[in-house]
Amino acid sequence: MQLDFTEEHEMIRQAARDFARNQLLPGVIERDNHQKFPADEIKMMGELGLMGMMVNPKYGGGGMDTISYVLAMEEISKIDASASVCMSVNNSLVCWGIESFASEELKMRYLPDLTAGRKIGAFCLSEPEAGSDATSQRTTALDMGDHYLLNGTKNWITNGNSASVYIVIAQTDVDKGHRGINAFIVERDWPGFQVGKKEDKMGIRGSDTHSIMFTDVKVPKSHRIGEDGFGFKFAMKVLSGGRIGIAAQALGIASGAYELSVQYARERKAFGTEIMNHQAIQFKLADMATEIEAARLLCLKAAWLKDQHLDYDSASAQAKLFASSVAMKVTTEAVQVHGGYGYVKEYHVERLMRDAKITQIYEGTSEVQRIVIARSLYK
Ligand code: CAA
């Protein structure tokens with residue numbers, strides 16, 4: 001695995017960093033306060049090539065590698081994890097899922113708008129009674145000959161109200177268990193599609209999370225992704241890549257909190273000197289820097305394996321498990337370094353601490369990542 005970056009990688013990282021500082025930072029506290037989705041900013045991210053980074057240019061994508069994606073995700077997440085989760089779902093669950101497994105017709109129909117940020121995608125797997133236990137799907141898609149009839153409810157859907165293209169996982173044959181699950185592309189304006197309740201969340205408050213209801217939605221046969229019964233494996237494969245994005249998001253949240261802590265420790269004086277000169281603070285910063293570097297290396301390793309077309313299921317689970325735990329630890333310590341200022345919104349670290357928590361929950365909880373890692377040990 002190469003540890004140095006190419007000139008192109010550095011350019012992508014710098015472009016994402018500049019965008020985050022210039023366009024995302026100014027409104028990030030207000031969006032968090034008012035649960036406002038960064039709609040204009042996401043459009044700009046599409047124009048910059050951040051919404052379909054790994055997609056082949058023939059479908060409008062950037063044709064970049066997964067390392068570039070990790071670098072950009074880290075920079076965006078340092079400033080605004082609500083924007084970065086939208087970016088992550090669109091890139092790795094929706095665009096990558098469609099490009100890797102959908103028909104040519106579906107790729108041509110959906111990818112150009114999704115990669116350009118003209119449309120946003122959502123991934124509908126979780127249900128009120130199917131979170132970690134993803135095979136327990138209650139949403140059904142009945143085979144009616146030339147179409148499927150979709151009924152059910154999905155919960156905690158990221159981009160729930162801002163998306164217009166939804167990948168929906170549903171049970172087509174209960175008797176077949178996970179082999180009777182399929183994945184479909186569903187459009188928001190089809191009859192019977194309804195966006196439900198918006199969740200009032202602890203963190204990533206700028207991201208819009210909704211339930212979605214389907215009542216007799218007619219889904220054309222051609223909108224099924226892959227062979228009949230491929231839906232659960234599709235979801236697992238897509239989530240393996242998605243976990244690299246969320247690991248990079250956790251990494252960015254941690255490194256954003258760390259950078260703010262270093263800056264604060266250089267400026268804030270106590271007991272006659274900058275607090276940077278106190279060993280109590282130095283040791284905290286040393287631990288933060290070390291853990292962040294370890295998380296970064298796990299993210300890059302998972303990305304590198306994916307780029308080499310090697311098995312990355314366990315590596316992406318390890319990256320997400322570790323980076324999300326680092327994000328929680330580092331952001332909590334960042335609030336401590338900031339003292340009372342860390343507890344107020346103006347200094348950003350309290351938001352980063354709230355945002356960090358979800359990285360241990362979505363795209364598979366830390367416990368699910370341990371299942372994936374443990375199973376790979378005795379494969
Ligand atoms: N690739 C291909 N196939 C896979 C696979 C993978 N990575 N992982 C599992 N499979 C296959 C298995 O081989 C098996 O197939 P066979 O029977 O033919 O061998 C089949 O899938 C079932 O696998 P398991 O027996 O391992 O299934 P399980 O019921 O034990 O569940 C689990 C495994 C890892 C816990 C899985 O259910 C899981 O990942 N749960 C978490 C779901 C999740 O991450 N949800 C996130 C929602 S999306 C989201 O959060 C987006 C967002 O908002 C940001």
Side-chain angles (χ1 to χ4, degrees), residues 73 77 81-97 100-101 120-137 139 154-163 166-169 171 176-183 199 201 203-204 206-212 225-227 229-250 253 302 305-306 309-318 320-321 324 355 357-379:
M73 272 297 295
S77 307
S82 295
S84 75
V85 69
C86 176
M87 173 178 162
S88 180
V89 167
N90 201 72
N91 271 278
S92 34
L93 300 185
V94 179
C95 286
W96 190 81
S100 305
F101 303 108
I120 295 173
F123 183 78
C124 307
L125 172 68
S126 304
E127 297 187 356
E129 288 171 72
S132 293
D133 183 8
T135 54
S136 297
Q137 296 288 305
T139 297
K154 296 288 177 180
N155 261 24
W156 310 295
I157 303 306
T158 301
N159 304 337
N161 196 32
S162 46
Y166 297 74
I167 293 184
V168 181
I169 312 296
Q171 191 84 49
K176 288 189 181 161
H178 73 76
R179 292 189 185 89
I181 291 175
N182 275 295
E199 303 295 349
K201 306 190 298 294
I204 55 159
S207 147
D208 70 321
T209 311
H210 286 255
S211 58
I212 306 285
I225 299 178
E227 292 297 306
F230 177 63
F232 188 74
K233 289 191 180 179
F234 166 80
M236 293 297 106
K237 282 173 184 283
V238 162
L239 281 166
S240 258
R243 287 166 186 161
I244 301 176
I246 300 303
Q249 180 188 46
I253 293 171
L305 286 170
K306 183 165 181 281
H309 308 291
L310 296 169
D311 183 353
Y312 58 90
D313 292 342
S314 179
S316 68
Q318 285 181 334
K320 183 181 179 293
L321 173 64
S324 59
D355 289 351
K357 184 62 202 169
I358 191 62
T359 64
Q360 294 184 307
I361 299 172
Y362 59 22
E363 297 208 18
T365 60
S366 294
E367 292 72 22
V368 163
Q369 307 314 319
R370 287 186 175 93
I371 295 176
V372 174
I373 297 161
R375 286 184 182 174
S376 80
L377 301 177
Y378 55 75
K379 229 183 201 174

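All ligand and atom numbering here is 1-based and tracks the order in the structure.
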Novice: Parallel, tilted or perpendicular, judged at 30° and 60°: which one describes the rings of His178 and Phe232?
Specialist: tilted
Novice: Which residues satisfy the ring-ring contact (aromatic ring centres under 6.0 Å, His included) test with Tyr166, sequence neighbours excluded?
Specialist: Phe193
Novice: Nearest heavy-atom pair of Ser84 and Met73: which atoms, and what distance?
Specialist: O-CE, 3.4 Å
Novice: What does the N/O contact table under 3.5 Å look like for ligand 1?
Specialist:
unit_1   : atom_1 : unit_2 : atom_2 : d
ligand 1 : 7 (N)  : Asp313 : OD2    : 3.2
ligand 1 : 17 (O) : His178 : NE2    : 2.9
ligand 1 : 17 (O) : Arg179 : NH2    : 3.0
ligand 1 : 18 (O) : Arg179 : NH2    : 3.0
ligand 1 : 18 (O) : Lys233 : NZ     : 2.9
ligand 1 : 26 (O) : Arg375 : NH1    : 2.5
ligand 1 : 30 (O) : Arg375 : NH1    : 2.9
ligand 1 : 30 (O) : Arg375 : NH2    : 3.1
ligand 1 : 37 (O) : Ser132 : O      : 3.2
ligand 1 : 39 (O) : Arg243 : NH2    : 3.2
ligand 1 : 40 (N) : Ser132 : O      : 2.8
ligand 1 : 44 (O) : Arg243 : NH2    : 2.9
ligand 1 : 44 (O) : Gly364 : N      : 3.0
ligand 1 : 50 (O) : Glu363 : N      : 2.8
ligand 1 : 53 (O) : Thr158 : OG1    : 2.6

Novice: Examine distances only and state if a side-chain atom of Asp355 and a backbone atom of Gly203 form a donor-acceptor pair shorter than 3.5 Å.
Specialist: no
Novice: Taking the side chain as every heavy atom from C-beta outward, state whether Thr135 and Asp133 have any atom pair closer than 4.5 Å.
Specialist: yes
Novice: Fit a plane to each ring of Phe123 and Phe234, take the angle between them on a 0 to 90° scale, and name the class: parallel (under 30°), tilted (30 to 60°) or perpendicular (over 60°).
Specialist: tilted
